[in-house]
Number of protein chains: 2
Amino acid sequence: MNNNSCIRQQADIKQIGRCKDRITAINGTFDYISNGLELAGNNVRLKILFLLYEEKQLCVCDLSDILGMTISAVSQHLRKLKDRKIIKTERRAQIIFNSLTKEYEEMLLPFFKILDENK
Amino acid sequence: MNNNSCIRQQADIKQIGRCKDRITAINGTFDYISNGLELAGNNVRLKILFLLYEEKQLCVCDLSDILGMTISAVSQHLRKLKDRKIIKTERRAQIIFNSLTKEYEEMLLPFFKILDENK
DNA sequence: CGCGTATTTAAGCAACTACTTAAATACAAA
DNA sequence: TTTGTATTTAAGTAGTTGCTTAAATACGCG
């Protein structure tokens, strides 16, 4: 890359350097946050996460009923969320309950609050 | 859909109904939030947004330099962000400066704070 | 006006996403 | 152990994403 036009006459070299350094320094934090946002950015999954926040725990069947989607489709969303430690599961008899992990519940709280206010 | 197994013996019908209603009621808010999160969930765009938050305004060239990506690639990210009113632009002489819209700056502030703390 | 810098757009492509359907597992309870 | 309910997984597919390269615009300034 790095070809092409825009051979800038004026560029704040100091600013560019400072920004580069900052981005590199907190690269891990970017990964951590986009790890969560990437998944929460999907409309269906945001609903799943909000529902888990409100109801504390739900099984794949509940979510399937509520969202009007196949169990399989919901299950595959839950798997992604679980793989990234955004939710956790707990079996009780035949039913597997899903709930938010504390860490990501906290991270997404500002959005749940916005959703709560619009009830 | 709605075929298949999971002919649940026990399901909290009231809970299902309540959740359905709630989801429908705030459907617009879900759209609003996932509108923002969908785009912020991309690692590159999250960086762009954070940089705009920190520096107030940057042109496509600056971002290209900082992120080590082609101008074209960055430009296409900026377009998406602009289409969804997450950023706005302002021309000054030959350079077009990008900055966050107030609305989404506020919405994403919690994440910028987390990133700020990890400097 | 026409030149040069800055920026956007178009076309193409490999990789990824969200779903579908059908089959496989998991496991509690009889 | 077998049965039945609950859940996950595999394979396939249409649509989307993020980039590349090359070409097109936009517009300030001499």
Side-chain angles (χ1 to χ4, degrees), chain A residues 1-12 16 30 34-35 37-49 57-84 87-99, chain B residues 1-12 16 30 34-35 37-49 57-84 87-99:
Chain A
M1 70 124 258
N2 202 18
N3 43 353
N4 267 344
S5 40
C6 202
I7 309 97
R8 227 156 349 151
Q9 234 56 2
Q10 301 168 313
D12 187 336
I16 306 286
F30 275 113
S34 60
N35 183 45
L37 292 192
E38 203 168 52
L39 293 191
N42 173 283
N43 205 292
V44 170
R45 279 190 300 260
L46 184 62
K47 283 177 186 164
I48 291 176
L49 294 171
Q57 54 173 30
L58 290 166
C59 69
V60 69
C61 265
D62 293 329
L63 289 164
S64 155
D65 283 349
I66 296 166
L67 299 170
M69 297 173 59
T70 62
I71 293 172
S72 172
V74 174
S75 177
Q76 286 172 74
H77 280 301
L78 291 173
R79 189 169 205 325
K80 286 194 175 184
L81 292 168
K82 198 183 169 188
D83 282 350
R84 302 235 201 149
I87 66 170
K88 58 186 178 352
T89 57
E90 186 200 338
R91 176 166 222 129
R92 273 223 295 289
Q94 265 127 290
I95 293 173
I96 293 173
F97 285 100
N98 300 272
S99 56
Chain B
M1 71 122 261
N2 202 16
N3 44 352
N4 267 345
S5 41
C6 202
I7 309 99
R8 228 158 346 152
Q9 234 57 1
Q10 301 168 312
D12 188 336
I16 306 286
F30 275 112
S34 60
N35 184 45
L37 292 193
E38 204 170 273
L39 293 191
N42 172 284
N43 205 292
V44 170
R45 280 190 299 261
L46 185 61
K47 283 177 186 163
I48 291 177
L49 294 171
Q57 55 172 28
L58 290 167
C59 70
V60 69
C61 265
D62 293 330
L63 288 165
S64 155
D65 283 351
I66 296 166
L67 299 170
M69 295 174 59
T70 63
I71 292 173
S72 172
V74 174
S75 177
Q76 288 173 72
H77 280 302
L78 291 174
R79 189 170 205 324
K80 287 193 176 186
L81 293 168
K82 199 183 170 190
D83 282 350
R84 304 235 199 148
I87 65 171
K88 57 186 178 349
T89 57
E90 186 199 338
R91 176 167 222 128
R92 270 221 297 289
Q94 266 127 290
I95 291 172
I96 294 173
F97 284 100
N98 301 271
S99 57

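In what follows, every chain begins at residue 1, and chains take the letters A, B, ... in the order their sequences are listed.
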Self-check item: Under the ring pair (Phe, Tyr, Trp, His ring centres under 6.0 Å) test, residues paired with A:Phe97 that sit two or more places apart
Solution: none
Quiz item: Near DNA chain C, which residues from residues 38-46 of chain B have a heavy atom under 4.0 Å away?
Solution: none
Practice problem: Take atom CE of B:Met69 and atom C1' of D:dT17, then tell me their distance rounded to the nearest Å. | Solution: 12 Å
Exercise. Would you kindly give the CG-to-P distance between B:Asp83 and D:dT16, to the nearest whole Å?
Key: 15 Å
Quiz item: Closer to the 5' end of DNA chain C via nearest nucleotide, is it A:Ala73 or B:Leu78?
Solution: B:Leu78
Exercise. Just jot down the side chain to side chain donor-acceptor pair (under 3.5 Å) partners of B:Glu38, sequence neighbours excluded, or say none.
Key: B:Arg84
Practice problem: Taking side-chain contact (heavy atoms from CB on, under 4.5 Å) as the test, write out the residues that go with A:Ser34, two or more places apart. | Solution: B:Asn43, B:Leu46
Quiz item: Nearest-Å distance, CD1 (B:Ile96) to C1' (D:dT25)?
Solution: 11 Å
Exercise. Name all residues meeting the side chain to side chain donor-acceptor pair (under 3.5 Å) criterion together with A:Lys80; count only those two or more places apart in sequence or in a different chain, and write none if there are none.
Key: none
Quiz item: Within the structure shown, what part of the strands sits under 4.0 Å from B:Lys82 by heavy-atom distance: base, sugar-phosphate, or nothing?
Solution: nothing
Quiz item: Quick one: is C:dT7 close enough that its OP1 or OP2 comes under 4.0 Å of any side-chain N or O from B:Ser75?
Solution: no
Practice problem: Respond yes when some side-chain nitrogen or oxygen of B:His77 is under 4.0 Å from OP1 or OP2 of D:dC19, and no when none is. | Solution: yes
Quiz item: From C:dT20, C:dT8, D:dT7, pick the nucleotide closest to the side chain of B:Val60?
Solution: C:dT8
Quiz item: Over how many whole Å does the gap from B:Gln57 atom CD to C:dA6 atom C1' extend?
Solution: 16 Å
Practice problem: Provide, to the nearest angstrom, the distance between the CZ atom belonging to B:Phe97 and the P atom belonging to D:dC27. | Solution: 16 Å
Quiz prompt | Whole-Å gap separating P (D:dA26) and CD1 (B:Ile95) | solution = 19 Å
Quiz item: On a plain distance test, is the side chain of A:Gln76 in donor-acceptor contact with the base of C:dT17 below 3.5 Å?
Solution: no
For nucleotides 26-30 of chain C, print each protein N/O atom paired with a nucleotide N/O atom at under 3.5 Å, atom names and distance only.
{"unit_1": "C:dA28", "atom_1": "O4'", "unit_2": "A:Gln94", "atom_2": "OE1", "d": "3.3"}

Quiz item: Could you state the interatomic distance from CG (A:Asn98) to CG (A:Leu49), rounded to the nearest 0.5 Å?
Solution: 10.5 Å
Quiz item: In whole Å, what is the span from the CD1 atom of B:Ile71 to the C1' atom of D:dT21?
Solution: 14 Å
Self-check item: Test item: B:Ser99 and B:Glu90 side chains (from C-beta on) under 4.5 Å apart, heavy atoms
Solution: no
Quiz item: What do the steps show when you test B:Leu78 against B:Ile48 for side-chain contact (heavy atoms from CB on, under 4.5 Å), and what is the final call?
Solution: CA-CA 8 Å; B:Leu78 291 174; B:Ile48 291 177; 3.9 Å; yes
Quiz item: Using a cut-off of less than 4.0 Å, is there contact between a side-chain N or O of A:Arg79 and OP1 or OP2 of D:dT8?
Solution: no
Quiz prompt | Partner residues of B:Arg91 under the side chain to side chain donor-acceptor pair (under 3.5 Å) criterion, sequence neighbours left out | solution = none
Practice problem: Find the distance A:Leu58:CG to D:dA6:P and express it as a whole number of Å. | Solution: 15 Å
Self-check item: Worked check of side-chain contact (heavy atoms from CB on, under 4.5 Å) between A:Ser72 and A:Gln76
Solution: CA-CA 6 Å; A:Ser72 172; A:Gln76 286 172 74; 3.1 Å; yes
Practice problem: Quick one: list whatever passes side-chain contact (heavy atoms from CB on, under 4.5 Å) with B:Asn42, sequence neighbours left out. | Solution: B:Val44, B:Arg45, B:His77
Quiz item: Is there a donor and acceptor pair closer than 3.5 Å between the side chain of B:Ser72 and the base of D:dT21?
Solution: yes
